[in-house]
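Written below as C-alpha cells is the structure these notes are about.
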Amino acid sequence: MQISVKTDYALLALLDLASQLSREPVRTADIARRQKIPRKFLELILAGLKSAGFVESRRARRAVICWRASPGL
C-alpha cells in the first residue's frame with residue numbers, strides 16, 4: 001500500500017510535534033527544516049490538521065504561527 005506525500009508529511013509533522021519533550025509551541029519553519037518539508041506545503045497540511053483537531057496554533061512575534069499537539073492526543 002502506498003500513501004500520498006501529503007499524508008507522509010502530515011505524519012512526519014505530527015511525529016515531530018510529539019517528539020518535543022517540552023510541549024512548547026514549535027514554529028512551522030522549524031518543523032519544515034527538521035523534516036525537510038516545503039514550508040508552504042507544511043502550512044497547508046497543518047491547517048488541515050488544525051481543522052481536524054490534531055494540532056493547535058497561535059500567532060507569535062513577527063507573524064509566525066507556532067504549533068503544538070492538541071492535549072489528550
Atom pairs and distances, donor-acceptor, side-chain atoms in residues 35-51, under 3.5 Å, two or more places apart:
unit_1	atom_1	unit_2	atom_2	d
Q35	NE2	D16	OD2	2.9
R39	NH1	E43	OE2	2.5
K50	NZ	S57	OG	3.0
S51	OG	A47	O	3.2

Within-4.5 Å side-chain heavy-atom neighbours: R33 and T28: no

Under 3.5 Å, side-chain donor or acceptor atoms of residues 3-15 against the rest of the protein: list the pairs with distances, not counting sequence neighbours.
unit_1	atom_1	unit_2	atom_2	d
S4	OG	T7	N	3.1
S4	OG	T7	OG1	2.9

